[in-house]
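Chain A is the first sequence line, chain B the second, and so forth, proteins listed ahead of strands; every chain is numbered from 1. Note: hydrogens, waters and symmetry copies are ignored here, and every other heavy atom, side chains too, is used.
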Amino acid sequence: MSTYLDQLNPAQKSAVLATEGPVMVIAGAGSGKTRVLTYRIAYLMERGVDSFNILSLTFTNKAAREMKERIARLVGDSEARNLWMGTFHSVFARILRAEGHHLGYPSNFTIYDTEDARKVITNLIKEMNLDKEIYKPKTVQNRISAFKNNLITPKIYDRREELIAQDSAAKMPLMGSLYTAYLDRCFRSGAMDFDDLLLKTNELLAKFPAVLAKYQDRFKYIMVDEYQDTNHSQYIIVKALASRFENVCVVGDDAQSIYSFRGANIQNILNFNRDYPEANIYKLEQNYRSSQHIVKAANSIIAHNQDQLQKKVWTSNEEGELITVFKAISDYEESNYVSEQIFEWSQRNQWHYGNFSILYRTNAQSRSFEDALRRRNIPYRIYGGLSFYQRKEVKDVLAYFRLALNNNDEEAFRRVVNLPKRGIGDTTLDRLNVLAQENRVSLFEVAENAILSSQAGIQAATCKRLADFCAAIRSYAVEIEKRDAFSAADYVVRGSGLLREMEEDKTPEGASRVQNVEELLNAIQDFADGQLQIEDGDPSLSNFVQDIALITDADNSGEDDGKKVALMTVHLAKGLEFPCVFVVGMEESLFPSMMAMNTRTELEEERRLFYVALTRAEKKAFLTYAHSRFRWGKTIDCEPSRFIDEIDEQHLDLQIPDFNPFSDETFLPYSGSGFGKGSSARFQKKLNKSEPPKTVDKPTIPPVKGMRPLSSSDAIPSYERGQGLKEVVKGMRVQHARFGTGTVTFVEGEGPNAKATIQFDHGEEKKLLMKFAKLKTV
DNA sequence: ATTTTACAAATTTTT
DNA sequence: TTTGTAAAAT
């Protein structure tokens, strides 16, 4: 029998063995819930359940991938392959591609990301002649999102007087029509936004009993991770799919619910018990991750919340280090302190930099830490923020692909119709739009039909330009059909003149845009290569474009980011763990955020967020805050976060210098601090009249001998790195980031457009375009 | 139609 | 600080 079951504690084991019927697992932080989920699935398969019948919903695609790998190690690769595993959004996007035709969607519908959706709304507000100061696109978008996540269709909205009253009170009586218009516009564009992926799934399952039955039969066993962060829409999907076999297992921790702003509903955990009164409930309370001090400190924080399920998280781990609380003079000094501590701890404990993470409340805080780490030559990687696929130039390129694949994609059309400039401006676009709305067709269709267009007062010359543009898009569609993903993408990027325009821009920004586009083409090639290695993979450009909106930064685990300090928001850190964690910016109105201090519920969510942050740490945690911080273009004074006071003091090591400006020895409890800029620097100068301020570009800590020298590229995201070799000759030995080393056997063409055939040492032969291959000599 | 210039506003977290 | 938008000039 399975030996892996012996690695579980009694509570974990019961949760794994209870395969039949509804199960809820309340899993405290670090209590091994991933292990339970993995073993549970492995155990099911060992008992003869077909992997095809198991659906496992995770919070990130990365979590899904990792879990799949772990299961594959237990039961074998081929067995694990057919598991349905992924985020709600990606799993149901896949189902909607197969079944969406029931609802009138094409299988290649576009997924609008938040930016696309916001632009649609902005345009609608403009079209309807509404005041955008009152109808703020962002507010409207959030409101619509809330409707969708609660399954409130326009029809239901019209019947819900309290909702209408709310919108009237907010001076937005036309919210209902705006909502209807938005749905209509997305539908006609053949597009779904993130919320639609769930809403339409619900619609599909509710309206088509045969489809529901099909997936109920398929998903005999359903598992949901991070259940506390599911919203109503997701809850209903799970309920519908599980209602036949009721083999549903949800895993969650109410203390880690941090996504209510996205519609997540802790009530789902309580509802579970109500829906399935006979459900087995297991509590995992032993923490295997963190030291005594960290676990107890975290417990003392969460105790301040009123709304919570009873549970007592404990650990048998060693007592560990106290949590260091550090007060810095400025945000500049804070980041300097953090980078210094990272350096010292890595030296003292021989920890590589991958053991450290810096967690902050807002993405904007990352900047100063980047600077500080760079000054010390410490490699780091930033997660989140503006992801690669959200960059303007990347989205522009993708919009060409999108439009070629789905002519109705209105956002893509608007984005590229005049990019590069081809004399089709706002006036023309407005006229096209009038026609499109009158005839209820897409902008593309109107633009393509020059005769129709000329009626609307569009000049003949402009009509010609429109026709040319549409013809070009059509031809791209043909090329995409004919070619492999990379060469099709390359064709479009060149043919459209996008790349040429970027190359003509000689500013550093222009150069970096070109590099990003090249990186995108690289990614497309990698994708196609990867798909070819999978049995039933689809290497087409269409497949690449389809789910790109669902890829998040957390999903991209670069091969080499294992030894880098991780910088991310606390939200993004959920589910991760690090030996040493810095929670920075522990100040009132930053953490807790100013926006979330108004009600008790909001504040409690911030507190849970802090709980999540602290419980990421295994061995050592630092909490830092600054006395003054550069924000909104000026320096402001800060108060330490109330959360620090809420921690049981016996777990803390307070490093809070006396700030009396007239005592001169106490304010820097550590060596090697750089001095700030701006007002804080002036402040410090006053303090030490005798001592001239040190300069920042000379870190006082000398590099230690014997340490791996850090190349500068370590700290730079890969897509900002320089290009590789420009030219190769036959017989040359080269190295490729992905394929390893090999020998050049043939070169055709010249310069950057040369194509090299390379015999790689692992046996494969590849043709690579010099321009993008980024080869190195060996 | 497009480019330049000036000025104002805004800053939470994400699939 | 950066970002976007509006008005004015080409």
Legend entry - A:F59 six-ring face occupied by A:K574 cation (under 6.0 Å, within 45°): yes
Inset, instruction - Report yes or no: is the cationic atom of A:R465 (NZ for Lys, CZ for Arg) closer than 6.0 Å to the six-membered ring centre of A:F469, at no more than 45° off its axis? - result: no
Legend entry - salt bridge (charged side-chain N to carboxylate O under 4.0 Å, His left out): pairs with one or both residues in residues 123-141 of chain A, sequence neighbours excluded: A:E127-A:R185
Inset, instruction - Would you please indicate if the ring centroids of A:H304 and A:F610 are separated by under 6.0 Å? - result: no
Inset, instruction - Report yes if the distance between the aromatic ring centroids of A:F187 and A:Y105 is under 6.0 Å, otherwise no. - result: yes
Legend entry - 5' priority, DNA chain B, between A:G425 and A:H89 [closest heavy atom]: A:G425
Inset, instruction - Could you pick out which residue, A:L609 or A:G423, lies toward the 5' side of DNA chain B when each is mapped onto its nearest nucleotide? - result: A:G423
Inset, instruction - For nucleotides C:dA6 and B:dT11, find the distance between their P atoms and express it as a whole number of Å. - result: 16 Å
Looking at every strand, decide which applies to [X] at a 4.0 Å heavy-atom threshold: base, sugar-phosphate, or nothing.
X	answer
A:D195	nothing
A:S90	nothing
A:N363	sugar-phosphate
A:Y259	sugar-phosphate

Inset, instruction - Please report the shortest heavy-atom distance between A:M67 and A:T34, naming the atom on each side. - result: CE-CG2, 4.4 Å
Legend entry - Heavy-atom pair of closest approach, residues A:L614 and A:A621: CD1-CB, 3.8 Å
Compare side-chain N and O positions of [X] against OP1 and OP2 of [N] and report whether any pair is under 4.0 Å apart.
X	N	value
A:T427	B:dA1	yes
A:N149	B:dT15	no
A:K574	B:dT13	no
A:S593	B:dT13	no
A:T60	B:dT15	no

So which protein nitrogen or oxygen atoms get under 3.5 Å of nucleotides 2-6 of chain C's nitrogens or oxygens?
residue	atom	partner	partner atom	Å
C:dA6	OP1	A:K132	NZ	2.6

Legend entry - Distance in angstrom units between A:M568 CE and B:dT15 P, rounded: 13 Å
Inset, instruction - Quickly work out the A:Q228 CD to B:dT13 P distance and round it to whole Å. - result: 20 Å
Legend entry - pi-stack flag for A:F261 and B:dT13, centroid dist under 5.5 Å, interplanar under 30°: yes
Tabulate protein N/O versus nucleotide N/O from nucleotides 9-11 of chain B, keeping only pairs under 3.5 Å, one per line.
none

Legend entry - Partner of A:H571 by ring pair (Phe, Tyr, Trp, His ring centres under 6.0 Å), out of A:F591, A:Y259, A:Y383, A:Y360: A:Y259
Legend entry - Distance, nearest 0.5 Å, that separates CZ of A:F578 from CZ of A:R616: 9.5 Å
